[in-house]
Amino acid sequence: MPYLSKIPLNPRRRAAVSLLANPHRLHAAILSGLASQPVTERVLWRLENSSHHRAEILVLTESRPSWAHLVDDAGWPGADGGEPLIADYTPLLDRIVRGREFGFKLIANPVQSVPRPSRPSEQQANRLKEKADSGNRQRGFRVAHRTVPQQLEWLLKRCERHGFAIPDASASPPAPGLRPLPEEDQDLSAGSAGAAVAVVSRDILRFTKRKDGPPVTLSTATFEGRLRVTDPDALRSTLLHGIGPAKGYGQGFLTLAPLRPSEAAHCG
């Protein structure tokens, strides 16, 4: 039985600062909330929101977790509103039927595989040298999509295999996520070909897995919009297993929300 958890953290506590600054450390802390170790089940998570006053982590697990260690170390032990919320995820999965529409949110790491990066990092340059010295064929390099049109195209190309379609954005009132953008970000909807989805924010995450280890850099995009179920089984699998790479670092966790009655009536 899958469980969805929302864990509030206190960003003013030292442990929370450390966790929020490094997805690798936060992932390890999340895995510590599961009794069966080492963890073999798929765990999805993302930083749902973060400010100087409050941060929330959304986590999906296959088994029921305990977040007492996170509350004690980085939360608000005993405070009103400080306890994690844990809910059975099955009722949402049961509502996935062909043709139904939902609002959605996805924070992902849109990438492509190329044989040779145009501007290789130090690690990529070393791999290229090893490849040349050995003469063996090696797998391609993952390179981030950095423009909004590329990131939108990356998502739109994956919809069918993941069990959903993104309808046209002509619905009125707007679907969740299709809020007006600041003038300087008007290009965030570029390349969507009228689809009911927008990139509402982007970020670059930089961290290391260990103190003296090589840096890890992730280019992330937050997508919000509306989707229509085309393959219920495939979409359920997507909800449980995520989309794209870097899932251990808080990427690829697709979540759904019911449309408001006015939106549902318009879609029907």
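Positions are given from 1, in the same order as the sequence printed here.
- Rounded to the nearest 0.5 Å, atoms CG (Leu44) and CG (Leu58) are 10.0 Å apart.
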**OP:** Using the side-chain contact (heavy atoms from CB on, under 4.5 Å) rule, take Leu240 and Leu93 through it: C-alpha gap first, then chi angles, then the decisive distance, then the call.
**Re:** CA-CA 9 Å; Leu240 295 174; Leu93 299 178; 4.2 Å; yes

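- Taking 4.5 Å as the limit, some side-chain heavy atom of Thr222 sits within range of a side-chain heavy atom of Lys105.
- Side-chain N or O atoms of Arg202 include one that pairs as donor or acceptor with a backbone N or O of Arg146 at under 3.5 Å.
- No side-chain donor-acceptor contact under 3.5 Å links His27 to the backbone of Pro23.
- Proximity of Ser32 to His69: side-chain heavy atoms (C-beta onward) are separated by under 4.5 Å at one or more points.
- Put simply, Ile107 and Leu256 are part of two different groups of oily side chains (I, L, V, M, F, W, Y) that touch within less than 4.5 Å, one to the next.
- The heavy-atom pair separating Met1 from Asp88 by the smallest distance is CG-OD1, 3.3 Å.
- Note: the hydrophobic cluster containing Phe253 also contains Leu227 (ILVMFWY, side chain heavy atoms under 4.5 Å, direct or indirect links).
- Linking Ile, Leu, Val, Met, Phe, Trp and Tyr residues whenever their side-chain heavy atoms come within less than 4.5 Å places Leu20 and Val59 in a single cluster.
- Under a hydrophobic clustering in which Ile, Leu, Val, Met, Phe, Trp and Tyr are joined whenever their side-chain heavy atoms come within less than 4.5 Å, directly or via other members, Val229 and Phe223 fall into the same cluster.
- For the atom pair Ser219 OG and Gln150 CD, the distance stands at 9.5 Å (nearest 0.5 Å).
- Once rounded to the nearest 0.5 Å, the distance linking CG of Leu47 with CG of Leu26 reads 7.5 Å.
- Between Arg25 and Leu19, the shortest heavy-atom contact is O-CD2, 3.7 Å.
- Of the possible polar contacts, one joining the Gln37 side chain to the Leu31 backbone as a donor-acceptor pair under 3.5 Å is found.
- Annotation: the span from Leu106 atom CG to Leu254 atom CG amounts to 5.5 Å, rounded to 0.5 Å.
- Expressed to the nearest 0.5 Å, how far CZ of Arg98 lies from CG of Leu235 amounts to 11.0 Å.
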**OP:** Assess whether side-chain contact (heavy atoms from CB on, under 4.5 Å) is satisfied between Val216 and His24, documenting all intermediate values.
**Re:** CA-CA 10 Å; Val216 177; His24 182 69; over 6 Å; no

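- Taking both residues in full, the closest heavy atoms of Arg236 and Ile96 are given as NH2-O, 2.8 Å, listed atom of the first, atom of the second, then distance.
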Donor-acceptor list for residues 3-15 side chains, cut-off 3.5 Å, not counting sequence neighbours:
{"unit_1": "Ser5", "atom_1": "OG", "unit_2": "Trp67", "atom_2": "NE1", "d": "3.0"}
{"unit_1": "Asn10", "atom_1": "OD1", "unit_2": "Arg12", "atom_2": "N", "d": "3.0"}
{"unit_1": "Arg12", "atom_1": "NE", "unit_2": "His52", "atom_2": "O", "d": "3.4"}
{"unit_1": "Arg12", "atom_1": "NH2", "unit_2": "His53", "atom_2": "ND1", "d": "3.1"}
{"unit_1": "Arg13", "atom_1": "NH1", "unit_2": "Asp72", "atom_2": "O", "d": "3.2"}
{"unit_1": "Arg13", "atom_1": "NH1", "unit_2": "Gly75", "atom_2": "O", "d": "3.0"}
{"unit_1": "Arg13", "atom_1": "NH2", "unit_2": "Asp72", "atom_2": "O", "d": "2.9"}
{"unit_1": "Arg13", "atom_1": "NH2", "unit_2": "Asp73", "atom_2": "O", "d": "3.4"}

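- Across every non-hydrogen atom of Arg226 and Ile166, the tightest pair is O-CG2, 3.5 Å.
- Closest approach of Thr208 to Gly213, counting heavy atoms only: CG2-O, 3.7 Å.
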Subject >> Audit row: Phe104, Thr255, side-chain contact (heavy atoms from CB on, under 4.5 Å) steps and yes/no >> reply: CA-CA 6 Å; Phe104 77 88; Thr255 54; over 6 Å; no

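- Neither side chain, Arg42 nor Thr61, offers a donor N or O lying under 3.5 Å from an acceptor on the other.
- At distances below 3.5 Å, not a single donor-acceptor pair connects side-chain atoms of Ser36 with backbone N or O atoms of Val39.
- Distance alone, capped at 3.5 Å, places no donor-acceptor pair between the Arg46 side chain and the Gln251 backbone.
- Linking ILVMFWY side-chain heavy atoms closer than 4.5 Å, directly or via other members, places Ile86 and Leu239 in two distinct hydrophobic clusters.
- For the atom pair Phe164 CZ and Arg228 CZ, the distance stands at 12.5 Å (nearest 0.5 Å).
- Between Phe207 and Tyr249, the ring-plane angle classifies as perpendicular under the 30° and 60° cut-offs.
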Subject >> Worked check of side-chain contact (heavy atoms from CB on, under 4.5 Å) between Glu56 and Arg54 >> reply: CA-CA 7 Å; Glu56 292 178 335; Arg54 185 180 180 90; 3.2 Å; yes

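- A heavy-atom distance below 4.5 Å is not found between the side chains of Val97 and Arg95.
- Side chain to side chain, Ser63 and Glu41 meet the donor-acceptor criterion of an N or O pair below 3.5 Å.
- Of all heavy-atom pairs between Lys247 and Trp45, the closest is O-NE1, 3.9 Å.
- Side chains of Pro110 and Leu155 form no contact here, defined as non-hydrogen atoms less than 4.5 Å apart.
- Counting only distance, with no hydrogens or angles, the side chain of His145 and the backbone of Gln151 share no donor-acceptor pair below 3.5 Å.
- Checking side-chain atoms of Glu83 against main-chain N and O of Asp80 turns up no donor-acceptor pair under 3.5 Å.
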